[in-house]
Each structure stands twice: as structure tokens, then as C-alpha cells.
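Nothing here was measured: the structure is a model prediction, and the numbers come from that model. Both ligands and their constituent atoms are indexed starting at 1 by order of listing.
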Amino acid sequence: MKIRKAIIPAAGYGTRFLPATKSMPKEMLPIIDKPTIQYIVEEAVKSGITDILIITNSQKSSIENYFDRSWELEGFLKHSGKEKELELVKSISNIANLYSVRQKEQKGLGHAILCAKSFVGDEPFAVLLGDDIVDNDRDPAISQLIRAYEKTNSSVVGVQRVPFYDLNKYGIIDPVDKTNTSLVEIKGMVEKPQENAPSNYAVLGRYILTPKIFELLETQEPGVGGEIQLTDAIRRLTEFEKVYACEFSGTRYDVGTKRGFLEATVAFALKRDDLKDDMEDIIIDRVANRKMRK
Ligand code: G1P
């Protein structure tokens with residue numbers, strides 16, 4: 001079955017970016033001039049997704065407003081002859097069929113995904129986490145996972161290798177065959193292992209899941225941090241269906257951390273014709289000044 005639907009969980013408080021996130025969703029923080037969530041939505045759309053459900057909470061209405069028409073602004077831009085800006089603003093509201101549902105209690109990622117049950121119905125779907133921006137213009141990460149799904153007809157989690165000291169930050173897969181990671185069946189997954197991680201491949205915010213996951217999420221006991229973990233439900237899914245891990249290619253930025261956010265800002269500026277030279281100058285000046293100070 002074709003993957004048409006995607007879920008983007010965006011109900012977290014974003015405490016790492018306080019105070020900015022006191023009155024602004026972290027998903028709206030811009031990398032240069034585009035909110036982080038737009039990078040995620042664009043990845044989904046480029047990969048053939050037509051319907052996107054954003055899981056929000058009562059503080060996140062600016063995300064819904066952002067993807068809606070903005071008649072007042074459009075009127076102003078039209079009146080001032082700013083045609084380019086007008087087209088840009090309009091294109092955002094036409095990007096895909098966007099829906100939202102509120103997660104009424106913060107009970108974890110697994111619980112957030114469960115809020116999408118009636119939207120998804122009985123078909124396989126994609127999940128893209130907003131903290132993980134993957135840069136790959138030619139072949140978006142979720143597109144790579146969709147192909148892996150089409151090949152295996154099973155759930156697929158997107159992984160990349162992470163350093164040993166970072167294994168306790170992620171969901172870590174337990175592959176059946178440790179020698180072949182490009183597309184491998186998994187027999188389990190552990191959320192943020194403190195020791196004895198089953199591999200050094202972490203799930204980095206991209207999933208294709210079959211609807212069976214909802215049945216498991218409904219009965220999922222809280223795990224790490226007292227939260228209902230998607231990882232735990234996927235581990236149980238392996239007892240009923242095959243689940244695969246696909247090592248996707250692309251540069252992944254953890255924009256949920258300040259360092260990752262800064263890195264993404266620099267990298268995306270260096271890719272843009274209108275900003276590349278300025279960003280290079282800034283970096284060169286800073287490095288030169290640092291040397292002088294030493
Ligand atoms: C979540 C998932 C984890 C995954 C990570 C990727 O953790 O629970 O399995 O590896 O996203 O970014 P979080 O970063 O929300 O704690």
C-alpha cells in the first residue's frame with residue numbers, strides 16, 4: 001500500500017530553548033528564515049506524502065496559523081507590489097493537506113503517536129520527528145524509508161551509526177544480522193540504554209509503521225522517564241511482524257540541542273547563494289580573531 005500519510009509530533013515543551021519557547025513553539029524557531037517544522041514538512045512532501053497530521057498542544061496554535069492562509073499579510077504584499085513575497089507566503093499554505101490534533105497530556109512519544117490513530121486508519125504511515133533535520137536534497141530520508149517499506153512490506157526505522165558516548169540518548173536497534181546494516185531485520189530495540197547497547201545504530205527520527213502499532217501503543221506500559229515510549233511498542237511489534245532498520249544517507253542535525261541548531265544554521269546558510277559569502281566571511285573573521293586572542 002502506498003504511503004500517503006505522515007505524522008509529525010510537535011507537542012513537547014522545548015525546555016532546552018527556554019526562554020524563547022515560553023511563548024513560541026520550538027518547531028517555529030527558524031533556521032535562517034524558515035521554521036524548523038517546515039524543513040520536515042518539505043521532506044515529507046518531496047517524498048510523496050500528501051496528508052500530514054501535526055500532533056500539537058494548546059500552546060502551539062502558531063504552527064497551525066503558519067500553514068494557514070494569511071489574508072491580511074497577503075493583501076498587504078499585493079498592495080505593495082511584493083509579488084515574490086506574496087507567492088512565497090501563499091505557497092506555504094498550499095504545501096500539503098495539513099491537519100492537527102492536540103495531545104492532551106504529555107505522556108511521551110508513543111502516546112503522541114497514538115493520538116493519530118483515527119487519522120491514520122488502516123494503512124501504513126510515516127513518522128518524522130521535528131528535532132531531526134536530515135539534509136539530503138537528492139533523496140530525502142523518509143523517501144529512502146518508503147522504498148525500504150515497498151521492498152519489505154514491513155515497518156522500517158531509519159538509523160545511522162552514532163558514537164559510543166551518545167548511545168544513551170537514542171532508541172538503539174538490535175539487528176538480526178550485525179554485518180549488514182543498509183537494510184536489516186531487527187529483533188528488538190532499546191530506548192536510551194545506559195549500558196549493554198545492542199548495537200551502535202540509533203533511530204534518528206524517521207519511521208514507517210504499520211497500523212498494528214496502535215494496538216500495541218494502547219496497551220503500552222510507561223518505560224524510560226515514566227513515558228509511553230514508541231521504541232517499546234516497536235520492540236513488541238517485532239513479536240508479531242517483521243520490522244526492518246534502514247541506514248539512510250544524509251546529514252542529520254539534532255536541532256533539539258543548541259549545538260545542533262547552530263550547526264544546521266551554519267550549514268544551511270553555506271548552501272544558499274544569497275548567504276554563502278556572508279557566512280564564510282563571518283566564520284573566517286571569527287576564526288582569525290580567535291587566533292589573535294590566543
Ligand atoms: C526520541 C525517541 C528515540 C529516538 C530519538 C531520535 O527521543 O524516543 O528513540 O532515537 O527521538 O531523535 P527524544 O529525543 O525525544 O528523547
Side-chain angles (χ1 to χ4, degrees), residues 6-17 21 25-27 29 36-37 39-40 43-44 54-57 60 103 105-116 126-135 141-142 144-145 155-175 181 186 188-194 197-209 213 216-217 220-238 243-248 250-261 263-264:
I7 304 175
I8 302 179
Y13 285 121
T15 50
R16 274 186 284 202
F17 283 89
T21 46
K26 70 169 174 177
E27 296 76 13
L29 293 172
T36 56
I37 193 165
Y39 290 85
I40 309 290
E43 178 187 332
I54 304 176
I55 315 284
T56 64
N57 65 30
K60 306 267 180 161
Q103 184 186 14
E105 283 172 275
Q106 299 265 311
K107 289 194 194 164
L109 178 60
H111 179 256
I113 300 301
L114 186 54
C115 297
V127 176
L128 297 94
L129 303 188
D131 281 348
D132 299 290
I133 290 188
V134 184
D135 186 23
I142 203 69
Q144 299 174 45
L145 265 66
S155 296
V156 183
V157 296
V159 296
Q160 282 189 341
R161 196 199 295 251
V162 297
F164 179 74
Y165 52 81
D166 270 348
L167 291 170
N168 61 1
K169 291 188 191 155
Y170 300 106
I172 305 297
I173 57 157
D174 189 359
T181 46
I186 62 168
M189 235 173 111
V190 187
E191 182 66 11
K192 304 191 173 76
Q194 294 308 307
S199 73
N200 48 2
Y201 283 88
V203 176
L204 296 179
R206 298 293 182 275
Y207 310 76
I208 303 292
L209 296 169
I213 197 74
L216 301 167
L217 284 170
Q220 186 60 53
E221 296 289 331
V224 172
E227 298 190 342
I228 297 176
Q229 297 289 352
L230 180 59
T231 297
D232 293 339
I234 296 175
R235 183 180 53 245
R236 285 169 60 219
L237 187 62
T238 63
V243 178
Y244 288 81
C246 164
E247 186 177 5
F248 59 85
T251 311
R252 176 249 177 191
Y253 300 99
D254 179 2
V255 296
T257 65
K258 286 174 190 154
R259 190 196 160 98
F261 189 87
E263 201 185 345

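Each of the following atoms of ligand 1 lies closer than 4.0 Å to a heavy atom of Asp132: 6 (C), 12 (O). Taking every heavy atom of Tyr170 and a limit of under 4.0 angstrom, the matching atoms of ligand 1 come to 6 (C), 10 (O). When each atom of ligand 1 is checked for a heavy atom of Thr231 under 4.0 Å away, the hits are 9 (O). Every atom of ligand 1 with a heavy atom of Gly171 under 4.0 Å away is listed here by number and element: 3 (C), 4 (C), 9 (O), 10 (O).
Assignment of Asp131 to the shell around ligand 1 is not supported, since no heavy atom sits closer than 4.0 Å. Using a 4.0 angstrom heavy-atom cutoff, Lys192 counts as in contact with ligand 1.
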Go through Leu230 and Leu209 one step at a time and tell me if the side-chain contact (heavy atoms from CB on, under 4.5 Å) criterion holds. CA-CA 11 Å; Leu230 180 59; Leu209 296 169; 4.1 Å; yes
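In this structure, Gln106 and Gly12 approach most closely via the heavy-atom pair OE1-CA, 3.8 Å. Across all non-hydrogen atoms, the minimal contact from Ile173 to Val159 is CG2-CG1, 3.9 Å.
Between Asp174 and Arg235, no side-chain nitrogen of the basic residue sits less than 4.0 Å from a carboxylate oxygen of the acidic one, so the salt-bridge criterion is not met.
Under 4.0 angstrom from ligand 1, there are no non-hydrogen atoms of Asp254. Contact annotation for Lys169 and ligand 1: no heavy atom of the residue comes within less than 4.0 Å of the ligand.
If you check the side chains of His111 and Glu105, you find no donor sitting under 3.5 Å from an acceptor.
Closest protein heavy atom to atom 2 (C) of ligand 1: Glu191 OE2, 3.6 Å. Counting protein heavy atoms only, atom 5 (C) of ligand 1 is closest to Val203 O, 4.0 Å. At the top of the distance list for atom 1 (C) of ligand 1, counting protein heavy atoms only, stands Leu129 CD1, 4.0 Å.
Atom 8 (O) of ligand 1 is flagged as protein-proximal [any protein heavy atom, distance under 4.0 Å]. Protein heavy atoms all stay at least 4.0 Å away from atom 15 (O) of ligand 1.
Considering Asp166, Asp135, Asp132, Asp131 in turn, Asp132 is the only one that fulfils the salt bridge (Lys or Arg N to Asp or Glu O under 4.0 Å) rule with Arg252.
Considering only heavy atoms from C-beta on, Val190 stays 4.5 Å or farther from Thr231 through its side chain. For the pair Leu129/Tyr207, a side-chain contact is recorded, criterion being any heavy-atom separation below 4.5 Å from C-beta on. Under the 4.5 Å side-chain criterion, counting only non-hydrogen atoms from C-beta, Gln144 is not in contact with Arg206.
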